[in-house]
Amino acid sequence: MISFEKEYFNLGFIDKLAYKDCFMQSIDPRVKIITTAAFTIVVVSYSKYELTGLMPFFLFPMVCSSLGDVPIKYILKKLIFFSIFPLLIGIFNPLIDTKPVFFFMNTSVSGGWISLISIFLKFQLTFSFAVIFIATTPLPQVCAALKRLGVPDIFTSQLMFLYRYIFVLAEETMKMLRARGLRTFGEASISMRDFINMAAVLFIKTCERAERIYRAMLSRGFSNTIHSIKDISLKSADLLYLAITTGLLIFFRLYDVAALSGKAITRGFLR
Amino acid sequence: MSHHLVEFRDVYYSYPDGTLALDGVSFRVLHGESVGIVGANGAGKSTLLLHINGTITPSKGSVTIGDVQINAKNKQDIRKKVGVVFQNPDDQLFMSTVFEDVAFGPLNLGFSKDKIMDVTTGALSQVGCLELKDRAPHHISNGQKSRVAIATVLAMSPDILVMDEPAANLDPKSRRFLINLLRNFYHTKIIASHDLDLILDVCQRCIVIKKGKIAADKPAMELLSDSKLLEENNLELPLTLQRR
C-alpha cells in the first residue's frame, strides 16, 4: 500500500477512537484541555536532575488510556517515532555537564546523563498524555471547548473546516497518487516536475472546492457566524475527574511518592 | 402572487474567463410545478440553477422568485425560500456531525432550539438517516452523504426545491427512495439531471438546454419521447421508454 494511504487510514483510526463510547471520551473537553495543560506544566516544572519524582506521573497515561480504550501499542508506536526529538535536545548534555552526581555500582554517573534521562521521561509523560487527549476528544469538541474558553470564533471555525476537509483533501491526493501509480508502472519516486504539477492541480481543486462550499453555506443562510446547536455543559463526572486529577497532581508534586513508597516498603521488610 | 413562482427573463451570464454559459434564457415555473432541466455536459444547467437562489446574478436580464426580482440586497431572503442541493455532497456537508450539518440552515433562520431539534430530526427521518445523526460526514458512504445533503435542505422547509444531479451517487434502492421522496414534496421543484428516468418519474415538464439556450420546453413525456431531439443534445431515450 502507498505510505500516503497508510497515513490516511491512520488519521481515520484516531478519529474513530475519539468517537468511542468510553469514560474518557465522555469527559467535557474543557476539563480535558485544562487537565492536560496542568499535567504538562507540573511535569515540566521538575528540576533537570529529577527522575524518581517523575515516576508516579506514569499512572496518569496508564489509567487514562485504559479509561479511553486507547491501545497501549498505538501510544508506544507514536512515542518511539517521536522520541528522536527529546534525544536531539539532550544529546549533548552528557558532554557539557560532566559533574558526577552519584555512583552506581562503582561507576560515577554525570549530571548530563541524568538530565538527558529526565528530559526523555518528561517527554514520554507529556507526549503520551497529549496523545490520549487527542485520541479521546473529537476535534469538533476541542473547537467547541476552545470557543467556550474564549478563543475567537474565526480560529475555531478554521480549525473545524481544516478537520472536516483534511479527509477530503487526503482522498483527492490519494486518488491522484493512485492514478499516477497506475500509469508509471512501479516507478516509486515522483519527479520534481510531476510533484509541482500535482501540487498545483491540488491547490486549484482546493480553491474551487472552497468556493463551492462557501456557495453551499450562503445558500443555507450563512452570515459570517457559525452557530452550534450542541451546548457543552459540565456533568458531575467531569467535576469528579477534574478533582481527582488536580488532587493527584498536587499530591505528587508536593510529596515524593516514589521515595515515600520506597521507605514504606523497606519498613515493611524490616519488621 | 405565489412565493413559489420562478421566472427567468432573457437571462445572460458570462463567466469571468469570457465563457458564455447562459445565452438569453427565458422561462416561467408555476407554483407546484416539477421541472426537469436536461442537456449535454457543459450546456449551462448548473449555471442556470445557481441563478435561482442568487448564488450568481445575471450579466443581463432578471430572475424573479415570487414577486421579487433577485438583487444583492434581497439574496438572503430569497435563500430562505429556495433550497439548493448541490451536485457533490462533500461541498454541501461541511459541519463536523450529520446532525449539526442538517441544523446549520435552521440555526441561521433563527428558529428556536426546540424547533431546530424537531425539524432536524424530521428531515433526517424523512431521508432515512436518523441513525447517522452523530456520525462525522467523512465517515459515511457517498450514498448516505447524498441523502443527508437532501435533509440539510428539507430541514429549512423551502418553498422551492432545486437539485443538481440528486441521484448521481445513489444505489438503485436509494434512488427509488429519493424518487418517492420527491413525489411527496408538493412545492415547486427544479431538477437538473442526466438520469432521464428520474426526470420522467418526478417531473411533469422538461426543459432542454443547449449551449446556454433553451432548445425545447415541453411536457416531460412528450419531450423525453423525442429521440431525435434527445440525440441532438447528447441524450438518449429514458430506459423505461426504450423498452416500449
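Letters go in sequence order (proteins before strands), and every chain restarts at 1. Note that this is a predicted model, so its numbers are computed, not measured.
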**Q** Would one find more than 12 heavy atoms of other residues, nucleotides or ligands at under 6.0 Å from atom NZ of B:K211?
**A** no
**Q** Against chain A, label B:I116 side chain, backbone, both or neither, depending on which of its atoms sit under 4.5 Å from a heavy atom there.
**A** side chain
**Q** Can you name the closest pair of heavy atoms from B:M156 and A:S219 and give their distance?
**A** CE-O, 4.0 Å
**Q** Given a strict heavy-atom distance threshold of 4.5 Å, which part of A:Y165 is in contact with chain B: side chain, backbone, both, or neither?
**A** side chain
**Q** About how many Å separate CE of A:M217 and CZ of B:R79, when rounded to the nearest 0.5 Å?
**A** 12.0 Å
**Q** What orientation do A:F167 and B:H138 show, parallel under 30°, tilted 30 to 60°, or perpendicular over 60°?
**A** parallel
**Q** Check whether more than 12 heavy atoms from other residues, nucleotides or ligands sit under 6.0 Å from atom CD1 of A:I154, and answer yes or no.
**A** no
**Q** Chain B heavy atoms under 4.5 Å from A:F222: which part of the residue, side chain, backbone, both or neither?
**A** both
**Q** With a 4.5 angstrom heavy-atom cut-off, could you sort out which part of B:N53 is near chain A: side chain, backbone, both or neither?
**A** side chain
**Q** Kindly check if the number of other-residue, nucleotide or ligand heavy atoms within 6.0 Å of CZ (A:F195) is above 12?
**A** no
**Q** Does the side chain of A:R209 come within less than 4.5 Å of B:N88's, by heavy atoms?
**A** yes
**Q** Using a cut-off of 6.0 Å, state whether more than 12 heavy atoms not belonging to A:D21 lie near its atom CG.
**A** no
**Q** Tell me, side chain or backbone of B:T152 under 4.5 Å from chain A's heavy atoms, or both, or neither?
**A** both
**Q** What do you reckon, is CE of B:M117 surrounded by more than 12 foreign heavy atoms closer than 6.0 Å?
**A** no
**Q** Might you confirm whether atom CZ of A:F58 has over 12 heavy atoms from other residues, nucleotides or ligands at distances under 6.0 Å?
**A** yes
**Q** Between atom NZ of A:K16 and atom CZ of B:R135, what is the distance when rounded to the nearest 0.5 Å?
**A** 7.5 Å
**Q** Return the option, out of A:C143, A:A216, A:A210, with the maximum number of heavy-atom pairs under 4.5 Å with chain B.
**A** A:A216
**Q** Chain A heavy atoms under 4.5 Å from B:F86: which part of the residue, side chain, backbone, both or neither?
**A** side chain
**Q** Would you say A:R220's side chain and B:N108's backbone share a donor-acceptor pair under 3.5 angstrom?
**A** no
**Q** Crowded around B:K115 NZ? As in, over 12 foreign heavy atoms under 6.0 Å?
**A** no
**Q** More than 12 foreign heavy atoms under 6.0 Å from OH of B:Y15: is that the case here?
**A** yes
**Q** Could you pull out the closest heavy-atom pair between A:Y19 and B:A136, with the gap in Å?
**A** OH-CB, 4.2 Å
**Q** Which heavy-atom pair separates A:G221 from B:Q76 by the least distance, and what is that distance?
**A** CA-OE1, 4.0 Å
**Q** Does a side-chain heavy-atom distance below 4.5 Å link A:R215 with B:D91?
**A** no
**Q** What part of B:D77 gets closer than 4.5 Å to chain A, counting heavy atoms only: side chain, backbone, both or neither?
**A** neither
**Q** Check each atom of B:L93 against the heavy atoms of chain A and say whether the ones under 4.5 Å are side chain, backbone, both or neither.
**A** both
